[in-house]
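Pasting in a structure now, in structure tokens, and then I'll have a few things to ask.
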Amino acid sequence: MSKYKIVFSDYYYPDLHAEMKAFEKLDAELEIVDCTKIVPGGIVDPRELIKYAHDADAIVAQFAKLDKPFLDALEHCRIIARYSIGMDTVDLPAAHAKGIQVANVPDYCIHEVANHAAAHILNALRQITHSRDLLLRNEFDFSKIRPMHRCEEQTLCLLGFGHIARELYGKMKPFFAKVVAFDPYFSGQAAYPDVEFLSLDDALACADVISVHVPLMPATAKMLSDAQFAKMKDGAILVNTARGGLIDEDAMLRALDSGKLGYCGLDVLSSEDFAGSPFLRHENVTLTPHAAWCSEEALAELQRKVGENVVSALLTGKPVYPV
């Protein structure tokens, strides 16, 4: 009978029942190393994780940084499966050079993230959180939430036109006069004749609301900085449910304080230290704690599909969702 060592570096879910159910298909002797049982919350430092994972056949990770030195030290790992759509914590070129399959779950929370982005957009347009905060301070006055414009006369810009952005487009199309998009890698433009695909500068310049749906990689890190904010309309709304590292946060704060940005709806920051962020209590920001993915159904789907990625890679040499 085959034997596999499977290491879970970190996760914040109640249990691993869904993954273990999927692993039954391996019909093999399993050595499961759950690093959350070794260190509360798991092990995200690759220098510490390698002590437990060097001889793993499969590694399942959430926030652990799997860099080149870590990957080079793996003896015979066949699959790295991440609890995520994004793969910014894994050095993909190093993994591929080592012959290690890498997998994500690109479709587990499409509806949830699109709905969360839509909620941020409408919250910003209607000044709901801002009005509530003013009421709580007994400072409400209509002059403090104006100018407020009719949504149906405005332009929505989608940065990236992948699964989530397309889902959001379908939900938001009735609300906006026009939808534009920037995605140089999207080839299905003919199927969306009412979406105008533009260059980044042109898309930013015409937008009243900008929603970010781009994967984080070296080429997209801080893709929105001072130069891009300068292209935007005064008072533009910016929503980010993708990755915090896509935006130069110092530049975003300057744009907010100057009025170039009228409002931001943010579910992600470059750091998970939300409590220490200047955006937490900024009067023109609604910050949510990286919760866009969350629903009971999405969580169950994520854990099941991560398990299926591992099983498929170990049995066939290829995960269900290779990256």
Side-chain angles (χ1 to χ4, degrees), residues 4-13 16 18-19 22-23 25-26 28 30-36 42-110 113 160 162-164 185 213-221 242-243 245-246 268 293 298-299 301-323:
Y4 298 115
K5 179 177 178 180
I6 302 174
V7 176
F8 290 82
S9 64
D10 64 300
Y11 59 89
Y12 49 57
Y13 314 125
L16 298 176
E19 294 88 334
F23 293 166
K25 297 178 183 177
L26 289 170
L30 301 180
E31 178 186 355
I32 303 294
V33 178
D34 183 348
C35 292
T36 71
I43 301 174
V44 299
D45 185 335
R47 295 167 297 180
E48 188 67 22
L49 180 60
I50 196 64
K51 300 175 185 177
Y52 304 95
H54 65 92
D55 58 347
D57 296 286
I59 297 170
V60 181
Q62 185 141 37
F63 298 115
K65 302 295 184 183
L66 307 185
D67 57 14
K68 187 177 187 302
F70 173 86
L71 295 166
D72 286 344
L74 296 175
E75 296 169 11
H76 53 251
C77 183
R78 296 166 61 184
I79 172 68
I80 292 170
R82 189 168 183 227
Y83 289 113
S84 180
I85 294 175
M87 295 303 300
D88 47 292
T89 61
V90 182
D91 187 328
L92 290 174
H96 293 155
K98 185 86 171 179
I100 300 171
Q101 292 282 339
V102 182
N104 64 349
V105 184
D107 59 356
Y108 82 96
C109 60
I110 303 300
V113 178
H163 294 300
I164 293 170
Y185 303 103
H213 304 279
V214 176
L216 179 60
M217 57 186 72
T220 60
R243 286 289 184 267
L246 295 165
V268 287
W293 64 272
L299 175 57
E301 184 179 0
L302 173 65
Q303 292 189 259
R304 173 176 58 82
K305 288 184 173 180
V306 163
E308 291 170 352
N309 269 330
V310 171
V311 170
S312 180
L314 292 178
L315 292 182
T316 72
K318 186 176 182 180
V320 180
Y321 299 103
V323 178

Identify the two heavy atoms, one from L216 and one from A221, that lie closest to each other, and give their separation to 0.1 Å.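 It is CD1-CA, 3.9 Å.
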Please find the pair of heavy atoms, one from G160 and one from V214, that lie closest to each other, and give the distance.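 Closest pair (atom of G160, atom of V214, distance): N-CG2, 3.9 Å.
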Begin with the C-alpha distance, continue with both residues' side-chain angles, and end with the deciding distance and a verdict on side-chain contact (heavy atoms from CB on, under 4.5 Å) for L49 and L66. CA-CA 9 Å; L49 180 60; L66 307 185; 3.8 Å; yes
Can you tell me how far apart CD (E31) and CG (D55) are? Round to the nearest 0.5 Å.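 Between atom CD of E31 and atom CG of D55 there are 6.5 Å.
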Measure the shortest side-chain to side-chain distance between V60 and N309 over non-hydrogen atoms and say whether it is less than 4.5 angstrom.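 The answer is no, as the side chains (C-beta and beyond) never meet within the 4.5 Å cut-off.
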Looking at A64 and S9, what are the two nearest heavy atoms and their distance?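 What the structure gives for the nearest pair is CB-OG, 3.5 Å.
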Please tell me if the side chains of T220 and M217 come closer than 4.5 Å, counting only heavy atoms from C-beta onward.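 In short, these two side chains touch, coming nearer than 4.5 Å.
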Roughly how far apart are H54 NE2 and L74 CG, rounded to 0.5 Å?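 If I round to the nearest 0.5 Å, the distance is 10.0 Å.
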Side chain H163, main chain C109, donor-acceptor under 3.5 Å: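 Flag not set: sc H163 to bb C109 has no pair under 3.5 Å.
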Pairwise distance OH(Y83) to OH(Y12) - rounded to 0.5 angstrom: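 It comes to 11.0 Å.
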Heavy-atom closest contact (Q303 atom, A18 atom, distance):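 Heavy atoms of Q303 and A18 come nearest at CB-CB, 3.9 Å.
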Any side-chain to backbone donor/acceptor pair from R78 onto D57? Under 3.5 Å, distance only.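 It does not hold such a pair.
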Roughly how far, to the nearest 0.5 Å, is the NZ atom of K5 from the CD1 atom of I32?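 Between I32 CD1 and K5 NZ, I get 10.5 Å after rounding to 0.5 Å.
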Working note: D88 + R82, criterion salt bridge (Lys or Arg N to Asp or Glu O under 4.0 Å); need CA distance, chi angles, decisive distance, verdict. CA-CA 10 Å; D88 47 292; R82 189 168 183 227; 3.7 Å; yes
Charged N to carboxylate O below 4.0 Å: is that the case for D67 and K65?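 Salt bridge flag = no for K65 with D67.
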Donor-acceptor under 3.5 Å (D10 side chain, Q62 main chain):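 It does hold such a pair.
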Using 30° and 60° as the class limits, which term best fits the ring planes of Y13 and W293: parallel, tilted or perpendicular?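 It falls in the perpendicular class, over 60°.
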Would you say the side chain of E19 lies within less than 4.5 Å of the side chain of V310, judging by non-hydrogen atoms?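 A side-chain contact under 4.5 Å is absent here.
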Within 6.0 angstrom of Y185 OH, more than 12 heavy atoms from elsewhere: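 No - once you tally the heavy atoms of other residues, nucleotides and ligands closer than 6.0 Å, there are 12 at most.
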Could you tell me whether the side chain of T316 and the main chain of S312 form a donor-acceptor pair under 3.5 Å?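 It does hold such a pair.
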Do you know which two heavy atoms are closest between I79 and A313, and how far apart they sit?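 Looking at all heavy atoms of both residues, the closest pair is CB-CB, 3.6 Å.
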Taking the six-membered ring for Trp, is the centroid-to-centroid distance between Y4 and F23 below 6.0 Å?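 Centroid separation for Y4 and F23: 6.0 Å or greater.
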Shortest non-hydrogen contact from H96 toward V323: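 So the minimum-distance heavy-atom pair works out to NE2-O, 2.9 Å.
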Just wondering, do V105 and E301 contact through their side chains at under 4.5 Å, heavy atoms?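 Not touching, per the 4.5 Å side-chain cut-off.
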Using modelled atom types only, decide if a donor and an acceptor are shared between the side chain of T89 and the backbone of F63 within a distance under 3.5 Å.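 Looks like no, no N/O pair under 3.5 Å.
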Answer whether the closest heavy-atom distance between the side chains of V113 and I85 falls below 4.5 Å.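 No, their side chains stay 4.5 Å or more apart.
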Kindly compute the distance separating OH (Y321) from CG (N104), expressed to the nearest 0.5 Å.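 Taking OH in Y321 and CG in N104, the distance rounds to 9.0 Å.
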Supply the atom-to-atom distance I59 CD1 to L71 CG, rounded to the nearest 0.5 angstrom.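 Reported to 0.5 Å precision, the distance equals 7.5 Å.
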